[in-house]
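Naming: A, B, ... by sequence-line order, numbering from 1 per chain. Since the structure is predicted, the reported quantities are computational estimates derived from the model, not experimental observations.
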Amino acid sequence: MFLGGMKLRLGYDFYRRDALIVAKELLGMHLVRVIDGKRLVCRIVETEAYRGPEDKGCHAYNNRRTGRTEVMFRPGGCAYIYFIYGMYYMLNIVAAAADEPQAVLIRAGQPLEGVELMQARRPKAGSRYQLLNGPGKLCQALDIDLSLNGYDLAAGEELFLERPMEQIREPITQSKRINIDYAEEWKDKPWRFYFKGNPYVSRPD
DNA sequence: TCTACGATTTACT
DNA sequence: GTAAATCGTAGAA
């Protein structure tokens, strides 16, 4: 058997833990998007945790349950996707147990497979470093929109995550989350995780 | 109904 | 550095 390229698909147990753990451990995992049988793959290099009813930065703060936030109340392992600024989609991974509305925003990735298809979807990207270095850009490049909201990442074949057999070791650092100034005392929580110095992150520090 | 605004990106000064 | 683009969502009226 060819072990070199073997990967293990992430199952429900991976996702059904605290969003802070999931956010950190998602770094280095491979995000796979299949379109017309073609694989678009990136390595996750930046995430942010949004941590349920207590977190003023979270859409589900105070257990706010609406059409938009509904999927966050499902057990971990599905996608929470929302539309913002009238033009961008954001991809989140739902974490924790049912009725614990936590999620992890996927903020940036390193393109690995299907790079030409990503470039075709993002003609404005000046280089491979700008293909997936932001949550809106990542969804644009991977053709992720509301049709995938609630998608089962452990069972589906169009969008899922894999753990590569040989992980590249990189130091992890953390900082404040981006653009949540409205979150008052929660805005400064260091719940953004990323690989220190990695050229594919949305903003260096 | 009506209004304000956003877990962003891009172009421009 | 600043501002425009562009529209669904949430909350108020």
Side-chain angles (χ1 to χ4, degrees), chain A residues 15 18-24 26-27 31 42 44-74 76 78-96 100-111 118-151 153 159 173-194 199-205:
Chain A
Y15 302 110
D18 192 287
L20 291 171
I21 305 286
V22 176
K24 188 171 181 180
L26 276 173
L27 295 179
L31 174 65
C42 71
I44 295 171
V45 301
E46 180 181 348
T47 61
E48 275 178 4
Y50 287 86
R51 209 149 162 272
E54 70 205 32
D55 178 4
K56 263 187 182 162
C58 183
H59 291 162
Y61 171 67
N62 203 20
N63 277 312
R64 181 168 54 192
R65 195 161 186 160
T66 64
R68 181 172 71 159
T69 64
E70 185 61 33
V71 302
M72 290 180 86
F73 289 82
R74 294 189 194 172
C78 65
Y80 166 47
I81 296 161
Y82 63 91
F83 183 61
I84 193 162
Y85 293 114
M87 59 191 105
Y88 298 111
Y89 298 98
M90 305 281 117
L91 170 65
N92 297 255
I93 311 298
V94 174
E100 288 178 23
Q102 305 186 9
V104 177
L105 173 67
I106 306 300
R107 285 196 56 90
Q110 169 183 358
M118 296 181 197
Q119 283 169 332
R121 294 202 128 271
R122 280 197 35 75
K124 285 170 183 165
S127 77
R128 65 197 166 106
Y129 299 108
Q130 283 131 38
L131 277 175
L132 308 170
N133 65 335
K137 298 177 186 177
L138 185 141
C139 286
Q140 218 169 45
L142 300 182
D143 197 22
I144 290 169
D145 61 24
L146 289 182
S147 67
L148 288 166
N149 189 33
Y151 196 84
L153 300 167
L159 184 67
T173 187
Q174 53 195 108
S175 75
K176 297 177 191 177
R177 294 173 291 180
I178 310 291
N179 284 342
I180 55 159
D181 289 348
Y182 54 84
E184 300 176 20
E185 69 269 32
W186 299 93
K187 76 180 171 62
D188 292 331
K189 296 281 183 188
W191 291 350
R192 168 181 177 241
F193 298 87
Y194 59 103
Y200 296 93
V201 302
S202 67
R203 29 181 114 177
D205 267 336

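In this structure, A:Trp191 atom CH2 and B:dA7 atom P are separated by 16 Å, rounded to whole Å. To the nearest angstrom, P of B:dA7 lies 18 Å from CD of A:Gln102. As rounded to whole Å, 16 Å separates atom P of B:dG6 from atom CG of A:Leu105. A:Asn133 has its CG atom 12 Å from the C1' atom of B:dT8, to the nearest Å. Taking atom NZ of residue A:Lys56 and atom C1' of nucleotide B:dG6, one finds them 17 Å apart after rounding to whole Å. Atom CZ of A:Arg203 and atom P of C:dG1 are 11 Å apart (whole Å). For A:Phe83 and C:dA10, the CZ to P distance is 14 Å, given to the nearest whole Å. We find that NE2 of A:His59 is positioned 12 Å from C1' of C:dG8, with the value rounded to whole Å.
Between the A:Arg74 side chain and the A:Gly150 main chain, a donor and an acceptor come within less than 3.5 Å of each other. Using a distance-only test at 3.5 Å, with no hydrogens or angles considered, no donor-acceptor pair links the side chain of A:Gln102 to the main chain of A:Ala96.
Looking at heavy-atom distances under 4.0 Å, A:Arg65 makes no contact with the nucleic acid at all. Residue A:Arg68 is classed as a sugar-phosphate contact, given heavy-atom separations below 4.0 Å to backbone atoms only. Base engagement by A:Met87 is indicated by at least one non-hydrogen atom pair under 4.0 Å involving a base atom.
Residues A:Leu146 and A:Tyr85 each lie close to DNA chain C; by heavy-atom proximity, the contact nearer the 5' end of the strand is made by A:Tyr85.
Look at A:Tyr50 and the base of B:dA7; the rings stack, centres closer than 5.5 Å and planes less than 30° apart.
Between A:Asn179 and B:dT8 there is a side-chain N or O to OP1 or OP2 distance below 4.0 Å. A sub-4.0 Å separation between OP1 or OP2 of B:dA7 and a side-chain N or O of A:Tyr182 is present. Residue A:Thr66 places none of its side-chain N or O atoms closer than 4.0 Å to OP1 or OP2 of C:dT9.
No hydrogens or angles considered: a donor-acceptor pair under 3.5 Å links the side chains of A:Arg128 and A:Tyr200. There is no side-chain donor-acceptor pair under 3.5 Å between A:Glu184 and A:Tyr182.
A:Lys189 has no carboxylate O lying under 4.0 Å from a charged side-chain N of A:Asp55, or vice versa, which leaves the two without a salt bridge.
With distances taken from any side-chain atom of A:Arg64 to the nucleotides B:dA7, B:dT10, C:dA10, the minimum falls on C:dA10. Listed nucleotides B:dT8, B:dT10, C:dA10 differ in distance to A:Lys137; the shortest reach to its side chain belongs to B:dT10. Side-chain proximity of A:Gln140 to B:dT10, B:dA7, C:dT9: nearest is B:dT10.
Using C1' as the reference atom, C:dA3 and B:dC5 are 16 Å apart when rounded to the nearest Å.
Pairing partner, B:dA7: none, since no Watson-Crick or wobble contact has both distances short of 3.5 Å.
The shortest side-chain heavy-atom distance between A:Leu20 and A:Phe193 falls under the 4.5 Å cut-off.
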